[in-house]
Amino acid sequence: MKKSKTNPTDLPVAPLVTHKKVATAKGVNFFDTVYKIARKIPKGRVTSYGAIAESSGSRLSARMVGWAMNAAGSAKPPVPAHRVVNRNGLLTGKHHFPTPTAMEELLRQEGVEVKDDKVVGFRELFWDPSYPGTGSRKK
DNA sequence: AGCCTGACTTTGT
DNA sequence: GACAAAGCCAGGC
């Protein structure tokens with residue numbers, strides 16, 4: 001039971017990038033999908049690339065999510081990439097931020113405690129785009 | 001046009 | 001429990 005995208009909330013399609021043709025020649029922008037989901041992440045909550053990837057269509061493409069985030073810096077509206085961490089709750093992408101501390105700083109501002117580059121209580125703060133109500137992990 | 005890398009994840013040994 | 005390999009898609013060279 002993981003075939004349908006299950007978009008409980010029919011959110012408007014992202015305006016996507018204008019000045020650039022943003023990848024994907026297939027019609028559906030993987031990036032756009034990722035941005036859409038990433039923007040849905042509630043404040044003070046975090047999610048994993050795999051969760052986004054799964055909601056995007058395939059969790060196998062978790063890497064692409066990270067790649068998309070890389071482009072997210074130029075995406076509008078800005079994507080809260082700081083709320084996206086790896087499955088370990090580790091801020092793997094912090095090095096890609098303008099500053100190596102920007103990510104954890106942002107998380108702390110939202111009430112997320114970060115210890116040793118990893119989210120404290122990640123399991124509790126984890127927000128699954130497919131199960132926003134329960135907020136629990138599928139696993 | 002082809003090869004390599006990349007902010008991940010899962011499974012197997 | 002740790003290490004290695006495979007799979008996904010896209011971008012850069």
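Convention: sequence-line order gives letters A, B, ...; per-chain numbering from 1. Being a predicted model, the structure only gives us computed values, none of them experimental.
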May I ask you to verify if any side-chain N or O of A:Thr92 is less than 4.0 angstrom from the OP1 or OP2 atom of B:dC8? yes
Between C:dA5 and B:dC4, how many Å separate the two P atoms, rounded to a whole number? 16 Å
Could you tell me the separation between the [atom1] atom of [X] and the [atom2] atom of [N], rounded to a whole number of Å?
X	N	atom1	atom2	result
A:Trp67	C:dA10	CH2	P	13 Å
A:Arg59	C:dA6	CZ	P	18 Å
A:Asn70	B:dT5	CG	C1'	12 Å
A:His95	B:dG6	NE2	P	14 Å
A:Leu90	B:dT9	CG	P	10 Å
A:Phe31	B:dA7	CZ	C1'	12 Å
A:His96	B:dA7	NE2	P	4 Å
A:Lys94	B:dG6	NZ	C1'	19 Å

Taking the minimum atom-to-atom distance to the side chain of A:Met64, which one of B:dT9, C:dC9, C:dC8 wins? C:dC9
Between A:Glu110 and A:Arg83, does any side-chain N to carboxylate O distance fall below 4.0 Å? yes
Can you find a donor-acceptor N/O pair under 3.5 angstrom joining the side chain of A:Arg63 to the base of C:dC9? no
Reckon A:Ala68 touches a base, only the sugar-phosphate, or nothing at all at heavy-atom distances under 4.0 Å? nothing
Among side-chain atoms of A:Thr33 and A:Ser56, is any donor-acceptor pair under 3.5 angstrom? no
Would the distance check show the side chain of A:Asn86 and the main-chain N or O of A:Asn88 forming a donor-acceptor pair, the cut-off being under 3.5 Å? yes
Given 3.5 Å as the limit, does a donor-acceptor pair link the side chain of A:Thr47 with the main chain of A:Trp127, or not? yes
